[in-house]
Amino acid sequence: MAISIKSLSVSRGSIKLLQGLDIELKSGHAGILRGPNGVGKTTLLRTLAGLQPVDSGKIEVPLEDICYFGHTDGVKPTLTVRENLEFWANIFGSPSIEEVAKKFMIIDLLNIRAGTLSAGQKRRVGLARLGLTGCPVWLLDEPTVSLDETSVKIFGNIIKDHLSENGCALVATHIDLGLENSAQIIDLSQYRPNSGELSSSDEGFL
Amino acid sequence: MITLILRDLRIAVRAGGGFGLSLAFFFIIVIFFPFSIGPNLDLLSKVAPGTLWMGALLACLLSLERIFALDFEDGTLDLLATSPIPLEGVVIAKAFVHWLTTGLPLILLTPFLGVLLGLQTSGIIFLITSLIFGTPALSIIGTFGAALTVGIKRGGLLLSILVLPLYIPTLIFGAEAARRGSEGFEMQTSILLLLGVTLLSWAILPFAAASVLRINLR
Amino acid sequence: MSFWEYANPVKFLKLSGNLLPYCSTLAAIMILTGLGWGFFFTPDDYKQGATVKILYVHVPSAFVAINAWFMMLIASIVWLVRRHHVSALAAKAAAPIGIAMTVVGLVTGALWGQPMWGTWWEWDPKLTSFLILFLFYLGYIALWAAVEDPDTAADLTSVLCIVGSVFAALSRYATVFWNQGLHQDASLSIDKEEHVADVFYYPLIVVMAGFVLLFITLVLLNTRSEIMMRRASAIMARGKI
């Protein structure tokens with residue numbers, strides 16, 4: 001079992017967003033989070049990554065197995081692409097960035113300053129960090145924003161490769177990544193609490 | 001951590017990194033002092049230790065906001081918080097880089113400014129000693145302040161209001177040591193007390209700063 | 001019945017509502033009695049004359065100013081450890097009262113200093129540390145005002161309060177050390193409480209107790225309004241879903 005979530009509740013500010021959420025994801029499988037804007041996809045992923053406290057319930061994923069990828073790339077504009085990648089490679093202790101760069105199709109960009117890249121290229125550099133971490137569990141929040149069609153397809157294949165290596169991914173996306181046949185689709189709108197539920201922190205005041 | 005230090009140093013010296021700005025600010029502030037209190041070198045040499053300490057403190061303050069703001073905006077801080085480096089380590093690395101890019105250059109510039117303000121050689125040596133022991137405290141305390149205000153838009157002024165009171169012990173002991181030194185009194189006690197403040201700050205503030213960073217990221 | 005039961009906001013509102021009339025009445029009686037006694041029924045000091053009587057306002061307000069910070073420190077630690085909202089809000093409620101008392105202490109100190117030392121202000125360690133305390137209160141209040149999310153604000157201010165306490169204590173010793181080097185005569189900083197004769201002492205105790213009760217009353221009042229504000233915003237948030 002790679003990701004196991006039991007009766008989890010999360011909230012943003014004083015409003016409870018999700019309640020009674022159960023997800024079981026075996027390694028080698030992907031989960032796709034669906035639901036309208038504001039349903040709590042980002043909040044859920046940030047909570048799983050350990051950036052936000054859990055309202056109630058249980059998450060059973062070792063934090064060191066998790067690699068989180070949010071809305072922002074974390075790419076430094078004044079450094080070259082190579083320097084950006086080398087930084088994360090050093091932090092996660094992975095040896096070579098060439099292979100990963102090839103995989104994410106940024107090998108030609110390695111010596112360019114990241115500030116001059118287009119939004120899509122920058123995103124690919126940001127995504128390349130996933131390949132460097134060596135973490136089995138990927139939490140991806142709208143990873144395909146500003147990617148073109150071919151890049152989306154390539155990224156879908158990268159996720160598939162990752163799954164075949166016993167990895168595991170939880171992706172919040174509205175775009176078809178080519179994973180849909182094998183992946184578990186999780187519609188978050190069914191975990192919406194009844195109206196009037198507040199976060200545990202605000203409940204006490206009523 | 002060394003990786004992080006190297007990366008931040010690299011960013012600091014590249015275009016738009018802001019390296020040298022606080023140094024220039026320090027230079028201007030100190031030069032403006034004679035303009036405001038008159039060209040009497042006797043008087044200037046008396047207030048020189050305090051002036052230079054005040055200048056160093058203000059220059060330090062000016063560069064604090066940058067410590068976390070850029071990494072917070074582009075999401076790097078989220079990624080660092082979920083990376084294998086403990087956040088306390090991130091704080092220490094950031095504070096150290098801040099000292100390398102602000103505190104250290106200030107110390108190197110001090111002898112020249114000391115001469116401009118009429119300090120004797122011995123006075124300059126004592127002043128530099130006090131700055132060497134004191135500026136690391138300014139960096140780590142400032143890093144704590146930057147961590148406190150990282151989520152607040154336009155938090156620059158608030159940052160100053162929060163950090164300046166925390167600078168009081170460092171300023172008092174540091175300037176006192178420099179003043180006693182330049183007037184020929186013994187300065188050992190104040191230097192030791194200054195060192196105590198610096199060590200205490202480096203011992204407790206990384207934990208406090210990491211905890212407020214976690215609070216601000218959620 | 002555990003003490004922590006009153007950390008529930010609703011229970012706290014009830015209890016504090018019951019306590020308030022007694023607290024406020026008692027505070028008023030004690031302050032009026034103490035001040036009346038002190039002002040009109042004690043002799044003038046042989047050295048200071050009638051000006052000595054400013055101590056009946058100066059000492060209690062200074063006492064409350066310092067201890068308000070200690071109360072905030074304890075409340076902050078309780079919030080960080082036990083996550084009781086009332087505790088965080090009580091710390092927030094105490095800050096404006098603490099800063100007001102600090103200002104009263106400083107102003108009465110200056111008024112007393114003028115006839116006594118011939119100057120409104122002296123960089124004496126005690127006065128200086130009160131000025132510094134004022135700055136720490138200012139930072140704490142500014143941080144509360146700047147952060148939007150109430151729980152985040154409570155967390156951040158609590159950490160600031162703890163760190164601030166360490167540095168405020170350091171500053172206190174720093175000012176003593178700092179001024180020693182300049183002035184040989186420490187006679188300006190007479191420790192007022194130790195030098196007060198018995199005749200002045202008893203009314204002072206009454207006023208001090210009155211000020212403490214006044215502080216408790218004001219903190220209760222302020223905490224209540226903070227709780228009601230949180231409650232209102234919780235109800236509004238519920239309506240929005």
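Just so it is clear, the values below take in all heavy atoms, side chains as well, and ignore hydrogens, waters and symmetry mates. A note on names: the letters A, B, ... follow the listed sequences, proteins ahead of strands, and every chain is numbered from 1.
- Most heavy-atom pairs under 4.5 Å with chain B, from the set A:N90, A:V75, A:T133, A:L51: that is A:L51.
- Listed for the B:R7 side chain is no donor-acceptor partner under 3.5 Å among the backbone atoms of A:F87.
- Atom CD of A:E99 has 12 or fewer neighbouring heavy atoms from other residues, nucleotides or ligands inside a 6.0 Å radius.
- Between chain A and the options B:I215, B:I2, B:L80, B:L6, heavy-atom pairs under 4.5 Å are most frequent for B:L80.
- Contact of A:R129 with chain B is made through the side chain alone, with heavy-atom distances under 4.5 Å.
- The number of heavy-atom neighbours closer than 6.0 Å to CG of B:L157, taken from other residues, nucleotides and ligands shown, is 12 or below.
- Atom CG in B:D74 sits 7.0 Å away from atom OG1 in A:T72 (nearest 0.5 Å).
- Across A:K76 and B:I11, no two heavy atoms sit closer than the pair CD-CD1, 3.5 Å.
- Using a 4.5 Å cut-off on side-chain heavy atoms (C-beta onward), A:W88 and B:T76 make contact.
- The heavy-atom pair separating A:D73 from B:L79 by the smallest distance is O-CD1, 3.7 Å.
- A:R46 contributes a side-chain N or O that, together with a main-chain N or O of B:L217, makes up a donor-acceptor pair within less than 3.5 Å.
- A 6.0 Å sphere centred on CZ of B:R214 holds more than 12 heavy atoms belonging to other residues, nucleotides or ligands.
- Within residues 193-208 of chain B, no residue has any heavy atom closer than 4.5 Å to a heavy atom of chain A.
- Of the listed residues A:T43, A:N84, A:I91, the one with more heavy-atom pairs under 4.5 angstrom with chain B than any other is A:I91.
- For a residue to count as touching a neighbouring chain, one of its non-hydrogen atoms must lie under 4.5 Å from one of that chain's; by this rule A:I66 touches chain B with the backbone only.
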